[in-house]
Amino acid sequence: MRTEATKALTALTMSQVTSRAGVRPDTVRYYERIGLLPTPARTTGAHRRYDEDVIDRLRFIRGTQRLGLTLTEIGDLLSVRDTGVCPCEPAETMLERHLAEIEAEMARLGELHAELTSMLSGMSGAACADPLPGAWCPPECGPEGGGG
């Protein structure tokens, strides 16, 4: 465990944190406001000074966001992680749920792809396919003015 004197020597500025973690300052401030990052120490001039650990925490947040976890879910994982326990068990449940959501979305997109492919193949001739329930073309361009 580092002493307060050691922490003061390794305190990072906002610029150092954002550069090393690959995030913007407003992101860091937002994460502080919602509790994903601890409130940093302040200098006498009210400048934020961060502990080295904030870099790892920001990388964890960004990595879990890339997996599709919400900030609330990330906060839950960080709460577990902050106790010193590996957050793998709760993360597994979250990731399984997200995987099921992705698979459902892929199935929906597959159906949409098939429908669009079918529509496009019907448009290659003189007759224009009508994507019910509305007309594809304005009434004046379709057969008999019906917008087909």
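Bear in mind the structure is a predicted one, so any value in this text is a computation, not a measurement. We use all heavy atoms of the structure for the numbers below, so side chains are in, but hydrogens, waters and symmetry mates are not.
Side chains of I61 and L78 form a contact here, defined as non-hydrogen atoms less than 4.5 Å apart. Using a 4.5 Å heavy-atom threshold, the side chains of I74 and Q65 count as touching. Residues R20 and L12 form a side-chain contact, since some pair of their non-hydrogen atoms from C-beta on lies under 4.5 Å apart.
In this structure, the separation between CG on L99 and CE on M94 is 15.0 Å, given to the nearest 0.5 Å. The NE2 atom of H98 lies 9.0 Å from the CG atom of L67; values are rounded to the nearest 0.5 Å. Rounding to the nearest 0.5 Å gives a distance of 5.5 Å between CG of L71 and OH of Y31. To the nearest 0.5 angstrom, L58 atom CG is 8.5 Å from Y50 atom OH.
When hydrophobic clusters are built by joining Ile, Leu, Val, Met, Phe, Trp and Tyr residues whose side-chain heavy atoms come closer than 4.5 Å, directly or via intermediates, L69 is not grouped with I102. Cluster membership check: L95 does not share its hydrophobic cluster with V85, using side-chain heavy-atom separations under 4.5 Å among Ile, Leu, Val, Met, Phe, Trp and Tyr.
Residue R24 places its CZ atom among 12 or fewer non-hydrogen atoms of other residues, nucleotides or ligands, all under 6.0 Å distant. Counting heavy atoms of neighbouring residues, nucleotides and ligands inside a 6.0 Å radius, atom CD of E105 exceeds 12 of them. Residue E101 places its CD atom among more than 12 non-hydrogen atoms of other residues, nucleotides or ligands, all under 6.0 Å distant.
Scanning both residues, V80 and P87, for their nearest heavy atoms gives CG1-CA, 3.9 Å. Taking each heavy atom of A91 and L77 in turn, the nearest pair found is N-CD2, 3.6 Å.
In this structure a side-chain-to-backbone donor-acceptor pair under 3.5 Å is missing from S19 to S15. Proximity of a side-chain donor or acceptor of T64 to a complementary backbone N or O of F60 within less than 3.5 Å is detected.
The stretch residues 57-73 participates, sequence neighbours left out, in these salt bridge (charged side-chain N to carboxylate O under 4.0 Å, His left out) pairs: R57-D82, E73-R97. Residues in residues 27-41 take part in these salt bridge (charged side-chain N to carboxylate O under 4.0 Å, His left out) pairs, two or more places apart or across chains: E32-R48.
Of the listed residues (D53, D76, D56), just one forms a salt bridge (charged side-chain N to carboxylate O under 4.0 Å, His left out) with R81, and that residue is D56.
A salt bridge does not link R108 to E111: none of the charged side-chain nitrogens sits closer than 4.0 Å to a carboxylate oxygen.
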